[in-house]
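Numbers here are sequence positions counted from 1. All values below were derived from every heavy atom in this structure, side-chain atoms included, with hydrogens, water molecules and symmetry-related copies excluded.
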Amino acid sequence: MSHRYLILGLLAQNPMTGYDIRKHVKEVLSVVTNASYGTLYPTLHKLLSEGAVRMDEVEQQNRPAKKVYYITAQGQASLQKWLKKPPADDKVRREFLLKLYFASENAEPQVTPLLTQRRQRMQAKLDALQAERRTVNDLRQQWIIDYAVSMVRAEIAWLTDMVSRLSVA
């Protein structure tokens, strides 16, 4: 998962310091990522050099100035473009959850299509797992596949429930 969009999404919600970003990731998004300062700060500086974010120094009494980061129009455009694209690879769950988190915060119309696309992908994965299960004779492999099937079914049920709740709201 790209930490680029993690940072842009958080800054789209509120201006933050690097410390605020790390704290929010740890407290709210730990299921999605465990991004460290060593990952976040280089990404933040790259976004700054690209013009996707800007930084203001805020003076503090008896302390060094605090660096507060803001998303720019360029960064906002990049974030919106990313939100509209389906997750690209097998790191999909984390990227999907991150997109769901940010889409639900500032782009409500994107949530249902995101959930629907994910449900379609998971149904295809379930079909493939069930087909594979029918060909496997090794008991240990069957257990692993059975576990994967149960996880995919649980996610499909959750996605179906979420789409139903959104259509009622």
Side-chain angles (χ1 to χ4, degrees), residues 1-122 125 148 151-152 154-166 169:
M1 182 223 10
S2 172
H3 292 99
R4 167 187 197 84
Y5 299 108
L6 170 67
I7 291 169
L8 290 175
L10 290 173
L11 294 179
Q13 293 176 337
N14 292 303
M16 295 183 173
T17 65
Y19 173 80
D20 294 333
I21 291 170
R22 174 68 181 115
K23 184 176 175 187
H24 193 84
V25 167
K26 185 176 182 181
E27 293 175 358
V28 179
L29 296 171
S30 60
V31 74
V32 177
T33 184
N34 60 356
S36 66
Y37 287 117
T39 304
L40 293 175
Y41 277 105
T43 304
L44 194 53
H45 290 126
K46 184 173 183 179
L47 290 167
L48 189 60
S49 71
E50 293 172 356
V53 301
R54 69 177 177 81
M55 184 264 301
D56 288 342
E57 289 194 18
V58 178
E59 295 298 323
Q60 303 183 97
Q61 193 172 16
N62 299 325
R63 299 179 71 185
K66 179 168 44 172
K67 295 178 181 179
V68 180
Y69 297 90
Y70 301 80
I71 191 168
T72 65
Q74 177 187 335
Q76 188 72 327
S78 177
L79 176 64
Q80 291 306 313
K81 183 178 176 182
W82 175 76
L83 283 170
K84 291 176 184 174
K85 290 182 357 186
D89 56 25
D90 273 344
K91 295 182 270 183
V92 164
R93 185 175 342 140
R94 288 181 180 211
E95 186 175 341
F96 164 74
L97 290 172
L98 192 61
K99 285 184 179 194
L100 181 62
Y101 179 79
F102 291 129
S104 64
E105 187 68 29
N106 34 321
E108 190 82 23
Q110 293 175 350
V111 174
T112 300
L114 184 63
L115 293 169
T116 303
Q117 288 171 355
R118 177 68 177 179
R119 189 183 185 292
Q120 291 168 348
R121 287 183 84 150
M122 296 311 293
K125 187 172 186 172
M151 297 303 290
V152 170
E155 186 169 341
I156 289 170
W158 180 84
L159 291 162
T160 302
D161 181 56
M162 289 299 295
V163 169
S164 296
R165 283 196 261 167
L166 287 173

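- Taking the salt bridge (Lys or Arg N to Asp or Glu O under 4.0 Å) definition, one finds that Asp161 meets it with Arg165, sequence neighbours left out.
- Atoms CE and CZ, from Met162 and Arg118 in turn, are 13.5 Å apart once rounded to the nearest 0.5 Å.
- The minimum heavy-atom distance between Leu40 and His3, with the atom names listed, is CD2-CD2, 4.5 Å.
- By the ring-ring contact (aromatic ring centres under 6.0 Å, His included) test, Tyr41 pairs with Tyr37, sequence neighbours left out.
- Once rounded to the nearest 0.5 Å, the distance linking CD of Gln120 with CD of Gln117 reads 7.0 Å.
- Taking 4.5 Å as the limit, some side-chain heavy atom of Phe96 sits within range of a side-chain heavy atom of Leu115.
- Counting all heavy atoms, side chain and backbone alike, Leu83 lies closest to Phe102 at CD2-CB, 4.1 Å.
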Side-chain donor-acceptor contacts of residues 47-61 below 3.5 Å, not counting sequence neighbours, with atom names and distances?
| residue | atom | partner | partner atom | Å |
| --- | --- | --- | --- | --- |
| Ser49 | OG | Lys46 | O | 2.9 |
| Glu50 | OE1 | Arg4 | NH1 | 2.7 |
| Glu50 | OE1 | Arg4 | NH2 | 2.8 |
| Arg54 | NH1 | Asp56 | OD1 | 3.1 |
| Arg54 | NH1 | Asp56 | OD2 | 2.8 |
| Gln60 | NE2 | Pro64 | O | 2.8 |

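- The line from OH of Tyr70 to CD of Gln76 is 15.5 Å long, rounded to the nearest 0.5 Å.
- Of all heavy-atom pairs spanning Leu79 and Ala12, the tightest one is CD2-CB, 3.7 Å.
- Under the salt bridge (charged side-chain N to carboxylate O under 4.0 Å, His left out) criterion, no residue pair touches residues 64-79, with sequence neighbours excluded.
- The distance from the CD1 atom of Ile21 to the CG atom of Leu10 is 6.5 Å, given to the nearest 0.5 Å.
- Annotation for Lys125 and Val152: closest pair CD-CG2, 4.1 Å, computed over non-hydrogen atoms.
- With values rounded to the nearest 0.5 angstrom, Leu98 atom CG is found 4.0 Å from Trp82 atom CH2.
- A salt bridge (charged side-chain N to carboxylate O under 4.0 Å, His left out) check over residues 9-18, counting only residues at least two apart or in different chains, returns nothing.
- Separation of atoms CG (Leu8) and CD (Gln74) is listed at 9.5 Å; rounding is to 0.5 Å.
- Proximity of a side-chain donor or acceptor of Ser164 to a complementary backbone N or O of Thr160 within less than 3.5 Å is detected.
- Not a single ring-ring contact (aromatic ring centres under 6.0 Å, His included) links Tyr69 to another residue, sequence neighbours left out.
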